[in-house]
Amino acid sequence: METPEQLKVAIDDFENWGLILLSGRLSPQHVARYRNILERLGSQIDPGWETRHPDLVINDVISYDPQLVDLVDDPLVLSLVLRMLGDNIYVYMSEAISRSAGNPDQSEDPAEPDGRNPTGAGLRFHQDSDGIERDLKLPVAPRLSVKAGFYLTDAHHAGCGNTWVVPGSHRIPLADQTDSADGLHHDQGIPILASAGDVLIFDRRLWHGGSPNDSPNTRHAVFIGYAFRWLRPRFDTRLPDSIDSDSVLRQQLLGTGTTKGRYEAPDSEIPLKLTSQAHSLPAHPHQRASAA
């Protein structure tokens with residue numbers, strides 16, 4: 001999916017369905033590296049969490065290990081995001097979600113422990129930043145942000161802690177979708193059947209939700225959210241000193257620059273503009289690994 005024609009087909013699919021699944025984007029070596037990082041962080045932040053909680057969510061996860069910063073500017077993901085949002089963007093959130101193994105009755109709402117199951121019945125869907133729709137009072141609000149989910153474990157069938165989505169729901173007016181106070185209960189949702197190393201890119205307006213994991217393996221994933229630079233970050237990012245500060249692209253993506261520049265956007269603070277005009281991105285660890 002590196003040629004302009006392939007990218008156009010992918011973007012057309014994204015416009016129609018609100019999502020793209022990139023197969024095998026991360027090498028097995030990178031999958032193992034990132035999964036090991038999440039396992040280590042989990043043991044440090046909440047030792048033994050898998051025996052007590054169905055989920056462990058680590059907000060601003062790229063701040064915990066400099067190797068995770070490599071996820072923010074994966075060349076193919078970034079090329080697609082540039083076509084979805086334009087070049088005045090940055091990473092407004094990152095999080096890791098690990099879902100413990102063997103928990104078929106997991107629920108986001110402890111008061112409703114049976115509200116979700118691996119078949120999809122009873123799943124509660126949501127839109128990211130859904131307050132935008134209410135505040136703007138528009139039937140279909142602008143895209144404003146997209147999210148990339150990097151899956152680090154296999155989820156080849158429902159019941160593996162899959163992400164569930166309602167394809168095409170990003171284009172349907174909010175009033176026609178919401179049928180309950182706690183989100184959409186939709187019988188047209190489907191599970192994302194992904195392999196370790198796959199990447200799901202989806203529109204923030206797409207109705208989606210998590211699901212229980214009754215498989216024998218903990219499900220690990222890292223989510224990177226991209227938005228216009230004039231939107232406030234969801235989490236305050238505390239970047240490690242060891243990140244690649246020489247990369248001007250990363251400096252933009254990680255939120256450097258003046259506050260005024262985020263609104264008036266001078267070219268000097270948008271290196272992604274020059275990159276997108278040249279239709280090329282610099283060498284990246286993910287590419288180097290796959291070429292080796």
Original post:
For the residue pair D65 and R40, what are the closest heavy atoms and their distance?
Top reply: OD2-NH2, 2.5 Å
Subject >> Salt bridge flag under 4.0 Å for residues R219 and D154 >> reply: no
**OP:** Establish, from distance only, whether the side-chain atoms of H220 and T153 form a donor-acceptor pair under 3.5 Å.
**Re:** no
Original post:
Roughly how far, to the nearest 0.5 Å, is CZ of R204 from CG of L85?
Top reply: 10.5 Å
Original post:
Between R25 and D198, does at least one N-O distance fall below 4.0 Å, as a salt bridge requires?
Top reply: no
Subject >> Pairwise distance CG(D60) to CZ(R234) - rounded to 0.5 angstrom >> reply: 11.5 Å
Subject >> Atom pair CG (D46) and CD1 (I58), whose distance is rounded to the nearest 0.5 Å >> reply: 9.5 Å
Original post:
What heavy-atom pair brings L38 and L152 nearest, and what distance separates the two atoms?
Top reply: CD1-CD1, 3.8 Å
Subject >> Verdict with reasoning, S100 to H53, per side chain to side chain donor-acceptor pair (under 3.5 Å) >> reply: CA-CA 7 Å; S100 59; H53 313 299; over 6 Å; no
**OP:** Give a yes or no answer on whether the side chain of S94 reaches the backbone of I224 with a donor-acceptor pair at less than 3.5 Å.
**Re:** no
**OP:** Check whether L193 and L21 end up in the same hydrophobic cluster, where Ile, Leu, Val, Met, Phe, Trp and Tyr are linked by side-chain heavy atoms less than 4.5 Å apart.
**Re:** no
Original post:
Does a sphere of radius 6.0 Å around CZ in R232 hold more than 12 heavy atoms from other residues, nucleotides or ligands, not counting ones at 6.0 Å or beyond?
Top reply: no
Original post:
When you check the gap from the basic side-chain N to the acidic O, do E15 and R83 get nearer than 4.0 Å?
Top reply: no
**OP:** Indicate yes or no for a side-chain donor-acceptor contact from Q127 to the backbone of R205 under 3.5 Å, with no hydrogens or angles considered.
**Re:** yes
Subject >> V140 vs L138, side-chain contact (heavy atoms from CB on, under 4.5 Å): CA-CA, chis, key distance, verdict >> reply: CA-CA 5 Å; V140 179; L138 294 174; over 6 Å; no
Subject >> Residues clustered with Y90, ILVMFWY side-chain links under 4.5 angstrom >> reply: Y92, M93, F235
**OP:** Say whether, by atom type as modelled, one donor and one acceptor occur between the side chain of Q252 and the main chain of L272 under 3.5 angstrom.
**Re:** yes
Subject >> I190-L19 co-clustered via ILVMFWY side chain contacts under 4.5 Å >> reply: yes
**OP:** Report the distance from atom CG of L26 to atom CZ of F150, rounding to the nearest 0.5 Å.
**Re:** 6.0 Å
**OP:** Measure from the side-chain N and O atoms of S169 to the backbone N and O of W207, and report whether any donor-acceptor pair falls under 3.5 Å.
**Re:** yes
**OP:** Please answer: with hydrophobic residues joined when any side-chain heavy atoms are less than 4.5 Å apart, are L22 and V9 in the same cluster?
**Re:** no
Subject >> Minimum heavy-atom distance A227-S145, with the two atoms named >> reply: CB-CB, 3.8 Å
Subject >> Atom pair CH2 (W230) and CD1 (I89), whose distance is rounded to the nearest 0.5 Å >> reply: 12.0 Å
Subject >> Full working for side-chain contact (heavy atoms from CB on, under 4.5 Å) between Y151 and T163 >> reply: CA-CA 10 Å; Y151 294 104; T163 303; 2.8 Å; yes
Original post:
Taking 4.0 angstrom as the limit, do D70 and R250 come out as a salt bridge?
Top reply: yes
Original post:
Quick one: are V165 and P167 in side-chain contact, heavy atoms under 4.5 Å?
Top reply: yes
Subject >> Donor-acceptor under 3.5 Å (Y226 side chain, L78 main chain) >> reply: no
**OP:** Indicate the atoms forming the closest heavy-atom contact of D87 with I270, along with that distance.
**Re:** O-CG2, 3.3 Å
**OP:** Mind telling me whether F202 and F223 have parallel, tilted or perpendicular rings, with 30° and 60° as the class edges?
**Re:** perpendicular
Original post:
Do the side chain of R52 and the main chain of P47 share a donor and acceptor less than 3.5 angstrom apart?
Top reply: yes
Original post:
Sub-3.5 Å donor-acceptor pair from the side chain of R99 to the main-chain atoms of S211, do we have one?
Top reply: yes
**OP:** Give the ring-plane orientation class for H208 versus H126, where under 30° counts as parallel, over 60° as perpendicular and anything between as tilted.
**Re:** tilted
Subject >> pair C160-N217: side-chain heavy atoms closer than 4.5 Å >> reply: no
Subject >> Residue pair N213 / S215, side-chain donor-acceptor N/O under 3.5 Å >> reply: yes
**OP:** Please step through side-chain contact (heavy atoms from CB on, under 4.5 Å) for the pair I20 and M84, ending with a clear verdict.
**Re:** CA-CA 12 Å; I20 304 172; M84 298 167 186; 3.7 Å; yes
**OP:** Please step through side-chain contact (heavy atoms from CB on, under 4.5 Å) for the pair I201 and K147, ending with a clear verdict.
**Re:** CA-CA 6 Å; I201 306 177; K147 190 180 286 184; over 6 Å; no
Subject >> Exam field: side chain D13 to backbone I11, donor-acceptor pair closer than 3.5 Å >> reply: no
Original post:
Do any N or O atoms from the side chain of N162 and from the backbone of W164 form a donor-acceptor pair under 3.5 angstrom?
Top reply: no
**OP:** Indicate whether any N or O donor in one side chain lies under 3.5 Å from an N or O acceptor in the other, for H286 and S27.
**Re:** no
Subject >> Exercise: identify the closest heavy-atom pair between G42 and L56 >> reply: CA-CD2, 3.5 Å
Subject >> Point-to-point distance, once rounded to the nearest 0.5 Å, from OG of S129 to CG of L231 >> reply: 8.0 Å
Subject >> Heavy-atom side-chain contact between L71 and I62 under 4.5 Å >> reply: no
Subject >> Heavy-atom pair with the smallest gap, counting every atom of P54 and W49 >> reply: O-CZ3, 3.9 Å
